[in-house]
Amino acid sequence: MMNKLKAVIFDLDGVIVDTARFHYIAWRKMANDLGFDITLEQNEQLKGVSRVHSLNQILGWGNIQVSQPEFEALMRSKNEHYLELISNLNQEDLLPGVQPILDYLHQHQVPFALGSASRNARAILRGLKIDGMFSAIVDGNDVTKAKPHPEVFLIAAEKLGVAPDQCLVFEDAQAGVEAANRAGMRCVGIGDQNILGKADYVFSDFSQINTEFINQHILTD
Ligand code: BG6
Ligand code: MG
């Protein structure tokens with residue numbers, strides 16, 4: 001029988017809330033303004049990746065070099081555009097099946113944390129009115145090494161007071177799945193099996209995950 005885990009770590013963008021498309025819109029607009037385009041396929045490589053790394057990657061694709069002040073300005077304007085796009089975010093933007101899973105874990109006193117690359121994470125959770133449910137929040141402001149480095153998940157486990165191999169991670173990004181694997185955590189991919197094949201399990205969204213699956217993997221009381 002599979003050993004049961006004690007805690008859960010959620011990625012944010014693309015797992016809890018449908019913000020991944022807004023990151024794409026904002027980066028794409030920036031690329032277009034610089035005279036090139038980015039594809040959905042390229043966008044997969046940006047998921048889970050920090051703001052700085054994303055911009056470096058995109059400028060590389062466009063074969064564009066910028067000065068440090070220009071780099072900072074591009075990051076700032078992308079983020080302003082992104083914040084504009086998510087300014088009306090509300091509970092309807094929670095991805096299908098998320099709220100019931102959070103409620104279920106909460107009811108059964110399973111501690112859970114956020115492990116996100118985003119520096120906007122806390123504001124987003126507040127906007128969704130679910131920030132109070134998390135035992136710990138670790139985001140892009142708390143780490144020095146971006147996913148696929150496992151740092152964000154290791155800090156989350158530490159804050160939860162559990163060993164890394166006692167955590168179940170939910171991730172929608174290749175970089176995030178790799179980070180969970182490197183942290184020694186069990187990982188559920190949310191999205192496409194062809195993209196997230198390195199996760200232990202893959203579901204298209206949370207509405208496909210029933211309480212039986214949760215009980216099978218997590219110690220509920
Ligand atoms: C990740 C997203 O969660 O956060 C990436 O998947 C994003 O697309 C990264 O670039 C950083 O987010 P932010 O909000 O700090 O720009
Ligand atoms: Mg994500």
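Counting convention: from 1, in listed order, for ligands and their atoms alike.
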* Less than 4.5 Å apart, any side-chain heavy atom of Met75 and any of Glu80? ->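 No - every pair of side-chain heavy atoms lies 4.5 Å or more apart.
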
Kindly say whether [Y] contributes a backbone atom to a donor-acceptor pair with the side chain of [X] at under 3.5 angstrom?
| X | Y | result |
| --- | --- | --- |
| Lys6 | Val162 | no |
| Thr39 | Gln42 | yes |
| Glu70 | Ser67 | yes |
| His149 | Glu151 | yes |

* To do: Given ring-ring contact (aromatic ring centres under 6.0 Å, His included), test Phe22 with Tyr82 step by step and report yes or no.
  => CA-CA 6 Å; Phe22 296 126; Tyr82 173 68; 7.2 Å; no

* Asked: With a 4.0 Å cut-off on heavy atoms, is Leu12 touching ligand 1?
  ->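 No; Leu12 lies far enough from ligand 1 that no heavy-atom distance drops under 4.0 Å.
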
* To do: Check whether any heavy atom of Gly14 sits under 4.0 Å from an atom of ligand 1.
  =>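 False for this residue.
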
* **Side chain, backbone, both or neither: Ser54 near ligand 1, heavy atoms under 4.0 Å** =>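 The side chain, only.
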
* Asked: If you measure every N/O of Arg51 against every N/O of ligand 1, is any gap under 3.5 Å?
  ->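 Such a contact does occur with ligand 1.
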
* Before signing off on this row, confirm whether Ser50 and ligand 1 have an N or O atom pair separated by under 3.5 Å. =>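 Such a contact does not occur with ligand 1.
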
What protein heavy atom lies closest to [atom]? Include the residue and the distance to one decimal.
| atom | result |
| --- | --- |
| atom 6 (O) of ligand 1 | Gly48 N, 2.7 Å |
| atom 3 (O) of ligand 1 | Asp13 OD2, 2.6 Å |
| atom 10 (O) of ligand 1 | Val49 O, 3.1 Å |

* For His23 and Lys47, does a side-chain donor sit closer than 3.5 Å to a side-chain acceptor? ->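 No.
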
Distance under 4.0 Å to a non-hydrogen atom of [X]: what atoms of ligand 1 satisfy this?
| X | answer |
| --- | --- |
| Lys47 | 6 (O) |
| Arg119 | 13 (P), 14 (O), 15 (O) |
| Leu46 | 5 (C), 8 (O) |

* Which pair of non-hydrogen atoms, one from Tyr201 and one from His217, has the smallest distance, and what is that distance? ->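 Reported closest heavy-atom pair: OH-CE1, 3.0 Å.
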
* Asked: How close do Asn181 and Lys198 get, heavy atom to heavy atom, and via which atoms?
  ->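 The answer is ND2-O, 3.2 Å.
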
* To do: Determine, considering heavy atoms only, which of Ser116, Gly115, Ser118, Ala123 sits nearest to atom 11 (C) of ligand 1.
  =>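 Closest candidate by heavy-atom distance is Ser118.
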
* To do: Compute the angle centred on the Mg ion (ligand 2) spanning OD2 of Asp11 and OD1 of Asp172, and express it rounded to 10 degrees.
  =>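 Nearest ten degrees: 90°.
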
* **N/O/S atom name from Asp13 that is nearest to the position of the Mg ion (ligand 2)** =>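 Per the distance ranking, Asp13 contributes O as its closest N/O/S atom to the Mg ion (ligand 2).
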
